[in-house]
Amino acid sequence: MTDLMLKYFRTKQRRVQSEKVYDTQCPFCSMQCKMQLIEQTVVSRKVYKTVGKDNPTTRGRLCVKGISAHQHVLNNQRVMQPLLKVNGNFVAITWKKALEIIKKEFTTIQEQKGSDALAVYGSASLTNEEAYLLGKFARVALKTKHIDYNGRLCMASAATGANQTFGLDRGFTNSLQEIPYTRCIILAGTNIAECQPTIMPYFEQAKENGAYIIAIDPRETKTTDIADLHLKNKPGTDATLANALLKVIVDEGLIDKEFLRKRVNGFTEVSRHLAKLDLNECVMMTGLAKEQLYQAAQTFGQEDSGMIFTARGIEQQTNGTETVRGFINLLLATGKIGKPYSGYGAITGQGNGQGAREHGQKADQLPGYRSIENKEDRYYIAQVWGVKEKQLPGQGVSAYEMFEKIDKGTINGMLVMCSNPALSSPNANFVKRSLKKLEFLVAVDMFISETAELADLILPASSYLEDQGTMTNLEGRVTLREASRPLPGEVRHDWQIICDIAGIIGERGKFSFHSAEEIFEELRVASRGGRANYYGITYDKIREKNGLLWPCPDIDHQGTKRLFEDEFAHQDGKASMAVIERSPKHAKVNLSEKYPLFLTTGRVMSHYLTGEQTRNSPSLAARNIESYMEIHPDTGEKYQVKDHTLVQIESRYGRIVVRSKWSKRIRKDTVFVPFHWGGEQNVNRLVADDLDPFSQMPGFKVTAVNTRPVQS
Ligand SMILES: Nc1nc2c(c(=O)[nH]1)N[C@H]1C(S)=C(S)[C@@H](COP(=O)(O)OP(=O)(O)OC[C@H]3O[C@@H](n4cnc5c(=O)[nH]c(N)nc54)[C@H](O)[C@@H]3O)O[C@H]1N2
Ligand SMILES: Nc1nc2c(c(=O)[nH]1)N[C@H]1C(S)=C(S)[C@@H](COP(=O)(O)OP(=O)(O)OC[C@H]3O[C@@H](n4cnc5c(=O)[nH]c(N)nc54)[C@H](O)[C@@H]3O)O[C@H]1N2
Ligand code: SF4
Ligand SMILES: [Mo]
C-alpha cells in the first residue's frame with residue numbers, strides 16, 4: 001500500500017478513537033513480505049487490519065495468508081501460560097514452576113541415561129537469533145549431540161545438492177531483480193503461484209519480456225498455467241528427466257565448452273554416463289513425449305541466459321539431492337551461472353528457511369555454515385562460546401532418525417520448539433507412537449498442536465507481531481523483522497525461553513541475553529569467516545539498506561547480489577558436476593496391484609504447513625475447511641470414486657479418509673493430497689520412512705497407494 005492510500009484508509013475511519021501501528025513481516029513463507037498491523041479502537045471495539053509495506057523484495061504486496069495472519073495470533077485458542085499435563089489434562093502453572101519441572105526432568109534423564117538422552121527439535125520459522133541460540137543451547141547447555149529441525153523435511157536436499165556442486169548454499173545465486181531479464185526459465189517442482197504468491201510479478205515480467213517458461217509438475221497448477229511448456233511427468237522421475245535434457249543438450253552441441261573447461265570438474269564422467277543413456281527409456285520412465293524433451297532442452301540450451309528454480313516437488317524425494325544436482329548440471333553444461341540473468345534458485349519455503357539452515361540447528365552443523373566434524377570450525381566456535389573444543393558434542397542424527405532413537409529408547413526427553421512433527425513427519429503413526437514413549441516432552445508453541453497435545457509441558461511462545469529478529473529470505477537477503485507489540489498473557493519469546501531453561505540448568509552466564517540484537521551481535525562473530533558470513537551485517541545497517549544479501553564479511557561490505565561470478569566455493573574454485581545414476585528407492589514406490597496409484601503431497605494457497613496457524617485464522621480456514629484428494633475423473637471412475645465423496649486412501653504405512661475432488665489437471669496415475677490437516681486426514685500417515693542418503697530428506701512426493709470409497 002502506498003503512503004497516499006494509507007492516508008486515505010486512515011482518514012476514512014472517522015469513528016476511530018485510537019490507533020496503533022505495528023511493523024512486522026509475514027509469519028509464513030520465504031518471501032517475508034513486510035507489513036503493518038493497524039490496531040484501531042472504533043466505538044470502544046478493537047478492529048484490526050494488515051496492510052503491506054514497501055520493500056525491495058515484495059514492493060508492498062501481500063497474499064491472502066499475509067492479509068489474514070493476525071487472525072490466528074489474536075485468536076482465543078492461543079496458549080497464554082505454561083501448561084502442565086496433570087492426569088491427561090493441561091493445567092496452567094507459573095513460569096517458575098514450569099522451569100523447576102524442566103530442571104528436574106532434564107537432570108534426571110541425563111543423570112540416568114547420559115547427555116545424549118535429551119534431544120532438541122527446532123524450526124526454520126524461528127529468527128536467525130533463535131535458531132543460532134537453540135544450536136548453542138543444545139551443545140553448550142544440554143551438552144547433547146541431538147539437535148535437528150524441520151528444515152530437514154524441507155530444503156535439505158537443495159542445500160546438500162548446492163553444497164556438493166558449488167561448495168556453498170545460498171538458495172538463490174542471483175537476486176530476484178534479475179529474473180525479469182532472463183531468456184529461459186525452468187520451474188522444477190515448484191508451485192510459486194500458491195506458495196510464494198508475491199514472487200509472481202518477477203516471472204510475469206520475464207514472460208512479458210519474452211522469456212520462455214518450462215514447468216515440470218505432475219499436476220497443472222496456477223504456476224504451470226504461466227508456462228509455455230508443461231512437462232507433466234510421473235512423480236519421482238525428475239532425475240531421469242534432468243539426465244535426458246542434458247543428453248539432448250550435449251548431443252545437440254549446445255554446451256559451453258569454454259565454461260566447462262575453466263570452471264567445472266567432472267564433465268568427462270558425466271558425458272560418458274550420458275552416452276550410455278537411452279532416451280527412449282527416459283521417455284517411458286518419465287511419461288513424457290520425446291518431442292517435449294527436445295523442445296525443453298533445445299530452448300534452454302540455445303537461449304543466451306537461463307535460470308532454473310527447484311522446490312519441494314523434485315527435492316522431497318529419496319533421491320532429492322541427486323535430482324537437484326541433475327538440474328544444476330544443466331546450468332553448468334550451458335555456462336548459465338555466475339553471469340547476469342543466469343543462475344540457480346532453490347525456492348526456500350519457511351519464513352527463515354534460508355537463515356535457519358546456516359547457523360547451527362542442524363545435526364552436523366555449527367554457526368556460519370560451519371561443520372561440526374571439522375576441527376578448525378570446532379575450535380573457532382568453542383572459543384566464541386567460551387568452552388573447550390573437546391566439550392562440543394559431535395554430529396547427531398537427522399529429524400526423522402531422532403524418532404527412531406526414541407523408539408529404541410536411546411532418546412528419552414525432547415524439547416520441540418516451533419514445529420509440529422507429529423503431523424509433518426513421514427510415517428506419522430510411528431512418529432506419534434515415538435513421541436508418546438518419551439519420558440518427558442516439552443513443546444514450545446502458540447497453540448496446542450498435535451505434537452503439543454502429547455507433551456508433558458507446553459510453553460507459550462510469542463508471535464511475529466511481538467518477536468523482533470532477523471529473517472533471511474529466499475534470495476539470501478537478511479531482513480529485520482521489527483516486531484514490538486507487547487507480549488500477551490504470560491507469553492515469552494523463544495529466545496527468552498531458551499535463556500530461561502539454560503539459566504535454570506546452570507548455564508546462565510552463557511545465555512544472559514536481554515534482546516535479539518545482543519544475540520545477533522554474537523551470531524555475527526560466530527559466523528565470521530564461515531561460509532554464511534554475516535559479520536558485516538548489523539541491525540542499523542539492515543535498517544539503512546533495507547536488508548543485505550550475505551556473504552557480507554566486513555562492516556564496509558555492501559552484501560553480495562550475485563554469487564560465483566569468478567569462482568565457485570570449492571577449494572579449487574571449480575564447480576563439481578555429478579553423475580546422476582541412482583534411481584529413487586522404487587522398492588517402496590513401485591506401483592503394484594495392491595497399490596496402483598502414485599500419491600503426491602503438497603500445499604494449497606490458503607493454508608500453511610501443518611495448518612496450526614491457518615486453521616486458527618477464520619478467513620483462511622473458510623477457504624478450505626478440510627483436506628481432499630485430487631483425482632482424475634477417469635481414475636475416479638476406475639476405482640468407483642465419485643466426485644466430492646469420502647474416500648479412503650491406503651499405503652503400506654497407514655490409512656486416511658478425505659474427500660475426493662475430480663480434476664482433469666492431474667495425471668491419471670497420480671492422486672494429490674495437501675498436508676495441512678491432522679488426525680484421520682493426515683496424509684503423512686501414508687508416507688514411507690525412506691530417506692535420501694545424502695540429505696536425510698523423506699520422500700514426501702511419491703508413495704504407492706490405493707483408494708476406494710468409504711462404505712457407509
Ligand atoms: N500456501 C502455502 N505456501 C507455502 C507453504 C504452505 O504450506 N502453504 N509452505 C512454505 C514452505 S515451508 C515450503 S517448503 C514451500 C513449498 O513450496 P513448493 O515446493 O512449491 O510446494 P509443494 O506444493 O509442496 O510442491 C510443489 C509442486 O510440486 C509438485 N510435485 C509433486 N510431486 C512432484 C514430482 O515428483 N516432480 C515434480 N517435478 N513435481 C512434483 C506438486 O504437484 C506441487 O505443485 O512453500 C512455502 N509456502
Ligand atoms: N506430506 C508432506 N509432509 C510435509 C511436507 C510436504 O510437502 N508433504 N513438507 C514438509 C515441509 S517443507 C515442512 S517446512 C514441514 C513443516 O512442518 P512443521 O514445522 O511441523 O510445521 P508448522 O505448521 O510450521 O509447525 C510450526 C508449529 O510451531 C508453532 N509456531 C508458529 N510460530 C511459532 C513461533 O514463533 N514460536 C514457536 N515456539 N512456535 C510457533 C505453530 O503453531 C505450529 O504448531 O513439513 C514437512 N512435511
Ligand atoms: S505468505 Fe508469503 S507471499 Fe503471502 S504475504 Fe506471507 S510472506 Fe508474503
Ligand atoms: Mo518447507
Side-chain angles (χ1 to χ4, degrees), residues 25-35 50 52 57-58 61-69 72-73 77-79 121-127 130 149-156 192 194-200 311-313 315-316 347-353 399 416-426 428 443-452 458-464 466-467 469 471 473-474 491-495 497 599-603 605-616 673-676 682-687 697-701 703:
Q25 289 172 201
C26 178
F28 301 125
C29 88
S30 49
M31 290 303 286
Q32 279 307 289
C33 301
K34 286 212 176 262
M35 51 170 59
T50 292
T57 307
T58 63
R61 296 187 285 270
L62 292 180
C63 80
V64 61
K65 283 189 300 307
I67 290 170
S68 314
H72 76 264
V73 169
Q77 295 297 308
R78 189 161 165 201
V79 182
Y121 195 105
S123 170
S125 293
L126 295 170
T127 61
E130 290 160 347
Y149 79 124
N150 65 8
R152 189 68 77 167
L153 316 177
C154 182
M155 57 279 155
I192 39 178
E194 297 203 62
C195 296
Q196 289 82 10
T198 58
I199 205 175
M200 286 305 278
R312 308 311 84 79
E315 298 163 13
Q316 288 173 330
I347 305 193
T348 296
Q350 297 168 86
N352 196 24
V416 177
M417 180 171 269
C418 194
S419 185
N420 186 12
L423 213 152
S424 55
S425 309
V444 188
D445 207 299
M446 296 194 296
F447 296 101
I448 306 184
S449 69
E450 225 167 282
T451 305
I458 305 176
L459 301 177
S462 61
S463 76
Y464 77 107
E466 301 119 14
D467 190 17
M471 308 282 283
N473 78 3
L474 85 184
V491 163
R492 292 186 183 176
H493 299 309
D494 289 300
W495 63 263
I497 297 173
L599 161 76
T600 192
T601 66
R603 293 150 167 86
M605 171 80 146
S606 59
H607 281 287
Y608 188 70
L609 300 178
T610 68
E612 281 307 327
Q613 296 167 90
T614 47
R615 282 187 275 114
N616 275 308
V673 179
F675 81 106
H676 313 295
N682 183 3
V683 71
N684 279 327
R685 291 184 178 189
L686 309 178
V687 173
M697 165 68 79
F700 288 122
K701 291 297 193 261
T703 308

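Computed from a prediction, not measured in an experiment: that's the story for all the values here. For ligands, and for the atoms within them, numbers begin at 1 and follow the listed sequence.
Near N150, meaning under 4.0 Å from one of its heavy atoms, ligand 2 places the atoms 18 (P), 19 (O). Those atoms of ligand 2 that come under 4.0 Å of a heavy atom in V444, given as number and element, are 37 (C), 38 (N), 39 (N). Taking every non-hydrogen atom of T198 and a distance limit under 4.0 Å, the qualifying atoms of ligand 3 come out as 3 (S), 8 (Fe). Each of the atoms 18 (P), 19 (O), 20 (O), 25 (O), 26 (C), 27 (C), 28 (O) of ligand 2 lies under 4.0 Å from some heavy atom of S419. The ligand atoms of ligand 2 that sit less than 4.0 angstrom from a heavy atom of F447 are 42 (O). Near G66, the atoms of ligand 3 lying under 4.0 angstrom from a non-hydrogen atom of the residue are 5 (S). Atoms of ligand 3 found under 4.0 Å from any heavy atom of F28 (numbered from 1 in listed order, with element): 1 (S). Close approach of ligand 2 to Q316 (heavy-atom distance below 4.0 Å) involves ligand atoms 5 (C), 6 (C), 7 (O), 9 (N), 10 (C), 11 (C), 12 (S). Each of the following atoms of ligand 2 lies closer than 4.0 Å to a heavy atom of D494: 34 (C), 35 (O), 36 (N), 37 (C), 38 (N). Within ligand 2, counting atoms from 1 as listed, the ones closer than 4.0 Å to a heavy atom of S449 are 44 (O). Near Q32, meaning under 4.0 Å from one of its heavy atoms, ligand 3 places the atoms 7 (S). Atoms of ligand 2 found under 4.0 Å from any heavy atom of C154, numbered from 1 in the order shown, are 12 (S), 14 (S).
Nearest to atom 29 (C) of ligand 2 among the protein's heavy atoms is D445 OD1, 3.1 Å. If you check which protein heavy atom lies closest to atom 2 (Fe) of ligand 3, you get C29 SG, 2.3 Å. Of the protein's non-hydrogen atoms, the one nearest atom 8 (Fe) of ligand 3 is C33 SG, 2.3 Å. What sits closest to atom 8 (N) of ligand 2 on the protein, heavy atoms only, is T601 OG1, 2.9 Å. When hydrogens are left out, the protein atom nearest atom 35 (O) of ligand 2 is S462 O, 3.4 Å; that is the closest non-hydrogen contact. For atom 12 (S) of ligand 2, the closest non-hydrogen atom on the protein side is R603 NH2, 3.0 Å. Among all protein heavy atoms, the one lying closest to atom 39 (N) of ligand 2 is C418 CA, 3.3 Å. Counting protein heavy atoms only, atom 32 (N) of ligand 2 is closest to M446 CE, 3.7 Å. Counting only heavy atoms of the protein, atom 47 (N) of ligand 2 lies nearest to S424 O, 2.9 Å. Here the heavy atom of the protein found nearest to atom 23 (O) of ligand 2 is T610 OG1, 2.6 Å.
Nearest residue to atom 13 (C) of ligand 2 from V79, T600, N420, L609 is L609 (criterion: closest heavy atom). Nearest-residue assignment for atom 4 (Fe) of ligand 3 (options C195, P197, S30, C63; heavy-atom criterion): C63.
Between L609 and Q350, the closest side-chain pair of non-hydrogen atoms falls below 4.5 Å. Counting heavy atoms from C-beta on, the side chains of P674 and R603 never come closer than 4.5 Å. Within the 4.5 Å cutoff, side-chain heavy atoms of D467 are placed close to those of W495. With contacts defined as side-chain heavy-atom distances shorter than 4.5 Å, the pair T614/F28 qualifies. A 4.5 Å side-chain heavy-atom check between M697 and Q316 finds at least one atom pair inside the cut-off. You'll find the side chain of R492 stays beyond 4.5 Å of the side chain of L459, heavy atoms only. Inter-residue side-chain proximity for D494 and V444 is flagged as met; some heavy-atom pair is nearer than 4.5 Å.
In terms of modelled atom types and a separation under 3.5 Å, the side chain of K65 and the main chain of H607 share no donor-acceptor contact.
Taking a 4.0 Å cut-off on heavy atoms, M155 fails to register as neighbouring ligand 2. Using a 4.0 Å heavy-atom cutoff, K701 is listed among the residues neighbouring ligand 2.
Among all heavy-atom pairs drawn from S419 and D445, the shortest one is O-OD2, 4.2 Å. The shortest heavy-atom contact between M471 and T127 is SD-CA, 3.8 Å. Pairing each heavy atom of N682 with each of A428, the nearest pair is ND2-CB, 3.6 Å. The two atoms that bring Y121 and S425 nearest to each other are OH-OG, 4.3 Å, heavy atoms only. Between S424 and F700, the shortest heavy-atom contact is O-CZ, 3.3 Å. Considering all non-hydrogen atoms of both residues, C33 and T58 come closest at SG-CG2, 3.5 Å.
Under the side-chain contact (heavy atoms from CB on, under 4.5 Å) rule, H72 has a single partner from R615, Q77, R78, Q613, which is Q613.
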Show your reasoning for whether side chain to side chain donor-acceptor pair (under 3.5 Å) applies to Q32 and N352.
CA-CA 8 Å; Q32 279 307 289; N352 196 24; over 6 Å; no

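Checked by atom type, the side-chain pair N473/S30 shows no donor-acceptor distance below 3.5 Å.
For ligand 2, the polar-atom distance check against M417 finds no nitrogen or oxygen pair separated by under 3.5 Å. Considering backbone and side-chain N/O atoms, Q350 never comes within less than 3.5 Å of an N/O atom of ligand 2. Checking only distances, N684 does come within under 3.5 Å of ligand 2, N or O to N or O. For a threshold of 3.5 Å applied to N or O pairs, the pair formed by S125 and ligand 2 contains no separation below that value.
At a cut-off of 2.8 Å, C26 is not counted among the residues with an N, O or S atom near atom 2 (Fe) of ligand 3.
Salt-bridge annotation for E450 and R685: absent, with no side-chain N of the basic residue lying under 4.0 Å from a carboxylate O of the acidic one.
With a 4.0 Å heavy-atom cut-off, ligand 3 is reached by no atom of R61.
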